[in-house]
Amino acid sequence: SIFTTVLVSLPYSGRYKRCGQMVMGCMLCWIIGDVLWTIYNNFIEYEPVMLISDQIYQMAMVMMCLSLLFYIRRDYKPTVFARFVINSFMITSLCFMILYKTGLYRYFDFENFQIEQVDKIVNIWTVVFLLCALISVLHASGFKGHSIAGKMVAVSILFYTGIDIFQLICQFYDLPDESIYADILYEGCLLVLGIAFTDSEISKRDFLSDIRIITINRAIRVMWLNVSMVVTVSFLLLVTRFFSLVEFLFMMMVTLVYAVMYKIVHTTELINELLSNEKDETARLEKLVEEKTKELQGVNTYLEMVSNTDELTGLHNRRYGMSFVDNLTRDDLNYPFALYSLDLNFFKPINDNYGHDMGDLVLKEVANRLKQIPYERCTAFRIGGDEFIVVYNAIDDMESVVYIANKICEMLDEPIECIDKKDYINNTHHTFTISASVGVAVYPDDTKDIDTLFIMADKAMYSTKHKSAKSAYRFYKDLPEDER
C-alpha cells in the first residue's frame, strides 16, 4: 500500500519527479528485500538468499541518498550543489574515521579483506553522507516558514537516516538490531514521503525555495573553516592517541583532496560568474548600441526630411526636386515624364498689402491644392518664393499631360479664403483671387539634359506671364523660334 501511495504521488511531484522515482525505487527495494528475508527465515535457509536481501536493503539506502541529492540538485546551481556534496564528503570522512575507531574496526579485517566488507563500507558511508547532506541543507535553508510538504520530506529523510544509524550502532556493539518498531518507522518514513509528493505545492515551493545562497567569497572562508576544523580535530585525536599516525595522515590526505576539489569548484564558479557578467555586459552594450543606432537613424531620417522638405508648405524643396528629376532619368520605367513650371500671378500685392503671414497662408493653400492633383505619379515641389514645379512621370500619353495642365490651372483659379489670425477678436476673413503661369517641357522629347529641361519649362512659363487674368499653360514645343 505504501508503494502504491508513492507510485500514485509521482504525477503530482512536478519538477521533483526524479526524486519521487528514487523514493519509489527505495520502497521497491524494501519490498523485495522483505520478501527474500521472509523466504530465508520461514522457508529456505539458503545463505545466498540472505546475502542478496542485504544487498537490496543497502540499495534502498543508496536510492534514498540519491533521492535527497536529486531533490537538492533541482534547486541549486551546479557549483553550489557541488559545494554541498564536497562539504558532506569531508564531514562524512571525519565521522567515518571516528566510527571506525569506536567499534567499526571489528567488522573489517584488512589482512583478509573480502568483498562483503566493501558492502558494509558503502552502506555506512552512504548513511553518514545522507545525514551530513541533510543537516547541511537544513542549516542553509532553515526549517520554519516553509510548506508542510517540504517539512514532511525533511523529517522523513532525517528519521529514515537516524534509524539506519541506530541499527549500525547496534551492530557495532553486538546489540539486537531487529525491531518491529524500527520497521514501522522505516515504513512510516516512506509513507510520509509518498504523501508529501501528492501535495501539489511541492512542485511550486519547497523547503529549499528560500535557501540562503552562500556568496563566492564567503564559500572560500567556509572551506578554510572546514579544513581548519578537520585538521584541528584530527590533530587532537592524534595527540590523545585516539588516531594513529597512519589514520591522521589519511585524514590529511582527505583534507587535501577536499581543498583541491573545493578550489576547482570555486574556480569554475568564478569563471561562470565572469562569463555571466560578460554576457550581461555584452547584452547591455548591444541593447545600448541598438538604442543609439535607432536614435541615430531617427535623427538621420528627421534631418533628411528637414533637408528635403519645405518648412512652410510641407512640399519637397528645390534640392530634393532636382535630385528627384535626376533619378527619373536613370530609370527607363519613368520615361517619358513632364515637368510643369509654375509661377503665381497677383501674389506680390498680397504680401505688400496684407503682410507676409497672409502670404504664407496663400502659399500653404496653393501647396494643398497641388497635392490633390488626381494622378498618383504627380509630385509637387516648392522651388522658392511663389514658384513651384510639378513632375508627372511615366506619362501615358500627351492627353494626360494636357489634362494635368488644365487641372492645375483650374485648381489655382479657385478663390482662396484666409483668416487673419492676428485679428483674434474678429477673425477677419479674406478672399484672394490669384492665377498661375504654367510652362511644360517633356523629357526626352524636348531634351535629354536636366538643366536644359528646367530652362525650357521656365521659358514656356514666362511666355504666358500676364497674358490673361486666368491661369494659363504652354508647352515648350509650341513656342515660336524667337522665344526659345
Side-chain angles (χ1 to χ4, degrees), residues 310 312-318 321 324-325 336-356 358-393 395-419 429-443 445-446 453-480 483-484:
D310 178 61
L312 176 63
T313 62
L315 295 177
H316 294 300
N317 57 19
R318 178 183 179 87
F324 181 82
V325 173
F337 64 86
L339 176 68
Y340 301 81
S341 179
L342 288 73
D343 187 77
L344 301 182
N345 300 321
F346 313 115
F347 176 74
K348 189 175 183 299
I350 298 175
N351 265 342
D352 295 341
N353 298 323
Y354 296 93
H356 289 284
M358 191 62 67
D360 289 344
L361 294 177
V362 172
L363 291 174
K364 287 181 180 179
E365 179 59 25
V366 170
N368 289 333
R369 294 182 182 185
L370 293 177
K371 291 177 183 177
Q372 297 172 9
I373 297 175
Y375 271 81
E376 293 183 356
R377 299 193 300 274
C378 284
T379 309
F381 305 84
R382 185 190 178 201
I383 300 302
D386 59 353
E387 296 180 4
F388 298 83
I389 64 170
V390 175
V391 178
Y392 172 35
N393 63 297
I395 61 179
D396 300 322
D397 48 43
M398 290 306 296
E399 291 181 0
S400 62
V401 178
V402 173
Y403 172 80
I404 292 174
N406 285 320
K407 191 66 178 177
I408 291 174
C409 294
E410 178 185 333
M411 293 167 61
L412 296 183
D413 282 340
E414 291 288 333
I416 296 176
E417 294 187 1
C418 299
I419 300 175
H429 287 69
H430 299 280
T431 301
F432 302 106
T433 301
I434 63 172
S435 64
S437 299
V438 183
V440 185
V442 179
Y443 181 97
D445 296 349
D446 294 328
L453 185 71
F454 274 88
I455 294 173
M456 290 178 173
D458 286 342
K459 285 183 177 182
M461 179 265 294
Y462 284 119
S463 70
T464 63
K465 197 74 172 171
H466 303 300
K467 292 291 179 69
S468 69
K470 294 290 186 179
S471 297
Y473 68 89
R474 196 169 187 180
F475 283 83
Y476 176 79
K477 65 180 182 178
D478 296 334
L479 291 178
E483 294 184 19
R484 294 189 179 186

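Computation of the quantities below employed the complete heavy-atom set of this structure, encompassing side-chain atoms and omitting hydrogens, waters and symmetry-equivalent molecules.
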- Under the side-chain contact (heavy atoms from CB on, under 4.5 Å) criterion, do Met461 and Glu387 qualify, and how do the steps go? CA-CA 11 Å; Met461 179 265 294; Glu387 296 180 4; 5.7 Å; no

- Please walk me through it: do Ile350 and Ile434 pass side-chain contact (heavy atoms from CB on, under 4.5 Å)? CA-CA 10 Å; Ile350 298 175; Ile434 63 172; 3.9 Å; yes

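Residues Leu339 and Tyr443 have side chains not in contact (no heavy-atom distance under 4.5 Å, counting atoms from C-beta outward). Annotation: side chain of Tyr462 is in contact with side chain of Asp458 (closest heavy-atom distance under 4.5 Å). Under the 4.5 Å side-chain criterion, counting only non-hydrogen atoms from C-beta, Arg377 is in contact with Tyr392. Contact of the Phe346 side chain with the Thr433 side chain is not registered, since no non-hydrogen atoms from C-beta on lie closer than 4.5 Å. For the pair Tyr354 and Val362, the minimum side-chain heavy-atom distance is 4.5 Å or more. Side-chain atoms of Leu315 and Phe388, non-hydrogen and from C-beta on, do get closer than 4.5 Å to each other. Two residues are said to be in side-chain contact when any heavy atoms from C-beta on lie closer than 4.5 Å; Leu342 and Leu370 meet this criterion. When side chains are defined from C-beta on, His430 does not count as touching Leu361, because their heavy atoms never get closer than 4.5 Å.
Arg382 places no side-chain N or O within donor-acceptor distance of the main-chain N or O of Asp310, the cut-off being under 3.5 Å.
Val366 and Leu344 make their closest contact through CG2-CD1, 4.1 Å (heavy atoms, listed as atom of the first residue, atom of the second, distance). Summarising the geometry of Pro480 relative to Arg474, their closest heavy-atom pair is CD-NH2, 3.5 Å, with the distance given to 0.1 Å. Ala367 and Thr313 get closest at one heavy-atom pair: CB-CB, 3.5 Å. Taking every heavy atom of both residues into account, Ser471 and Ala436 meet most closely at OG-N, 2.8 Å. Shortest non-hydrogen contact noted between Cys378 and Val390 is CB-CG1, 4.4 Å. Here the shortest heavy-atom pairing between Ser463 and Leu479 reads OG-CD2, 3.3 Å.
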Without placing hydrogens or testing angles, list every side-chain donor-acceptor pair under 3.5 Å for residues 402-409, not counting sequence neighbours.
{"residue": "Asn406", "atom": "OD1", "partner": "Tyr473", "partner atom": "OH", "Å": "3.4"}
{"residue": "Asn406", "atom": "ND2", "partner": "Val402", "partner atom": "O", "Å": "3.3"}

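Summarising the local packing, NE2 of His356 is surrounded by 12 or fewer heavy atoms from other residues, nucleotides or ligands at distances under 6.0 Å.
Applying the salt bridge (charged side-chain N to carboxylate O under 4.0 Å, His left out) criterion to Asp352, with sequence neighbours excluded, gives Lys348.
For the atom pair OG1 (Thr431) and CD (Glu417), the distance works out to 4.0 Å, reported to the nearest 0.5 Å. Note: Lys477 NZ to Met456 CE = 13.0 Å, rounded to the nearest 0.5 Å. Taking CZ of Phe432 as the start and CE of Met358 as the end, the distance is 5.0 Å to the nearest 0.5 Å. Atom CZ of residue Phe337 and atom CD1 of residue Ile395 lie 9.5 Å apart, to the nearest 0.5 angstrom. In this structure, OG in Ser341 is found 10.0 Å from CG in Leu453, a value given to the nearest 0.5 Å. The structure places CE of Met398 at 7.0 Å from CG of Asp445, a figure rounded to the nearest 0.5 Å.
Side-chain rings of His316 and Phe324 stay apart, their centers remaining 6.0 Å or farther from each other.
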